Structures are given as C-alpha cells and as structure tokens.
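Just so it is clear, the structure is predicted and the values come from calculations on it, not from any experiment.
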Amino acid sequence: MKGFRFHFLIAVFCSLSFVHCYDSKQNNDSLQSLLTVSTVPIRVTVVGDSIAQLSDGFGLKAKLPNNYSVTDVSIAGYNISSWLENSSHIEGIPTDIWIVELGTNDALSQGTYKFRENYSELLNRLELKNPSFIVLSTVPLTEQVGIQTSVRENNETIRNLAGNKATYRLADLEKLFSNHSGQLLLYSVDDPIHPNQIGMEMIGEEYRKLLLGL
C-alpha cells in the first residue's frame with residue numbers, strides 16, 4: 001500500500017506540464033518520507049475566504065473520488081492576517097494536501113502591504129506540524145477595478161513562492177479566469193467580488209484536475 005500511495009501521488013503532482021518536479025536526492029527523500037507515512041484516504045484541507053466557503057470548498061467533496069477526504073475550514077471575510085491570528089485552529093488538522101485560496105480580502109483591506117511576509121508565514125505554520133503538499137492559489141482579478149492592480153501584484157508574489165519548495169504546487173486561478181473566452185459571465189451583475197456558479201465550477205474543476213493529475 002505504501003508503494004502504491006507513493007507512486008500514485010508522484011503521478012498526481014508531476015504529470016501536469018506546469019508543475020516543476022524536483023530531482024535532487026534530498027528532495028526525493030523528503031517527498032518519499034512524506035508520502036509513505038500518509039494514510040488513506042488522501043486528506044485535503046481548504047483554507048480560504050468567502051469564495052471557498054460560499055461554494056462549500058468548490059464542490060471538491062463531490063468532485064474527487066472516494067479515496068479523498070475534503071475538509072473546508074474557509075471563513076468569509078478572512079484574509080491572511082486573520083488566519084495568522086487564528087492559525088492554532090488549523091495547524092493540527094491532519095492533512096496531506098493543503099489548498100490555500102486567499103488574497104482577495106488582502107487586496108481589499110491592505111493592498112500589497114506585507115503580503116509576501118504574511119503569506120510566507122502562513123505557509124510556514126501550515127508546514128510546521130504537518131509536512132504536507134500545499135497548493136498555492138492565485139486569485140481572480142475580480143471585476144472591482146480598484147483592487148485589480150493589488151491582486152495582480154500579490155498573485156505574482158504567490159507564483160514566485162510556489163517555486164520555492166518541492167512540496168508547493170500552483171493553481172493559477174487568475175490565468176484561468178483571464179483566459180476564459182466563453183460568452184457566459186463569471187460574476188453576477190450585483191457582485192463583482194465573488195464568482196457566480198459558473199466561476200465557482202471552473203475553480204473546482206481546476207483543483208480537481210490538479211489533484212488528480214488530469
């Protein structure tokens with residue numbers, strides 16, 4: 001079972017063309033140590049804000065196979081500073097894969113101020129007691145023009161951080177939305193911040209593909 005789990009998760013995270021797979025012996029040893037002690041099912045925890053909470057973790061409980069267990073601890077209104085203040089509530093959750101979906105509220109409340117410092121600290125705390133994979137997510141630019149510059153700059157910080165460790169992966173939701181060429185709108189007329197059902201479905205599918213290596 002351990003061998004199966006190791007090769008299965010290696011395939012999940014290395015099969016995507018945009019994922020950088022590390023080859024050094026040190027990183028391979030660390031990765032093997034992480035995966036072989038994990039239990040079945042594969043435990044996924046979503047740490048987010050209202051975008052994740054409103055969608056019940058982007059529907060991942062229904063989207064993923066039975067060998068995944070999904071916990072959504074997202075809280076509306078939370079930014080990274082909020083999670084740092086309350087990180088003790090999540091640090092001890094047994095998790096194989098964290099999904100971090102944060103940044104919109106940060107742009108709304110703080111712009112780009114201390115974003116890299118705070119984001120890095122949150123990642124460090126998630127890893128401290130739970131050496132797991134972490135999916136870092138850029139966030140859609142939203143249709144609120146006033147915060148788009150801050151969101152764009154913070155997203156570039158997230159992309160840079162995603163390349164720092166073998167256990168980090170990137171879900172580029174900004175590009176996902178920016179590359180959308182369909183005629184269907186991704187936001188409702190009266191809410192420029194939260195994606196509508198179509199937008200939420202797109203995000204859920206992006207995470208599903210990333211986790212399953214499709």
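- With sequence neighbours left out, His89 forms a side-chain contact (heavy atoms from CB on, under 4.5 Å) with Asn86.
- Side-chain atoms of Asn160 come within 3.5 Å of backbone N or O of Glu156 as a donor-acceptor pair.
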What pairs of donor and acceptor atoms, side-chain ones from residues 143-151 against any protein atom, are under 3.5 angstrom apart with sequence neighbours left out?
residue	atom	partner	partner atom	Å
Gln148	NE2	Thr142	O	2.9

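- Take Glu153 and apply the salt bridge (Lys or Arg N to Asp or Glu O under 4.0 Å) test, not counting sequence neighbours, and it matches no residue.
- Residue pairs meeting the side chain to side chain donor-acceptor pair (under 3.5 Å) criterion with at least one member in residues 49-61, sequence neighbours excluded, are Ser50-His194.
- The number of heavy-atom neighbours closer than 6.0 Å to CG of Asn179, taken from other residues, nucleotides and ligands shown, is above 12.
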N/O donor to acceptor pairs below 3.5 angstrom from side-chain atoms of residues 112-122, sequence neighbours left out:
residue	atom	partner	partner atom	Å
Asn118	ND2	Lys114	O	3.3
Ser120	OG	Arg116	O	2.9
Glu121	OE2	Arg125	NE	2.8

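- In this structure, Lys175 places its NZ atom where only 12 or fewer heavy-atom neighbours from other residues, nucleotides or ligands lie under 6.0 Å away.
- Its side chain outside the 4.5 Å cluster rule for every partner, Leu185 clusters with none of the Ile, Leu, Val, Met, Phe, Trp and Tyr residues.
- Of the residues listed (Asp72, Thr95, Asp96), the one engaging Thr45 in a side-chain hydrogen bond (donor to acceptor under 3.5 Å, both in side chains) is Thr95, and it is the only one.
- Donor-acceptor pairing under 3.5 Å is lacking for the side chains of Ser188 and Asn196.
- Glu201 has no carboxylate O lying under 4.0 Å from a charged side-chain N of Arg208, or vice versa, which leaves the two without a salt bridge.
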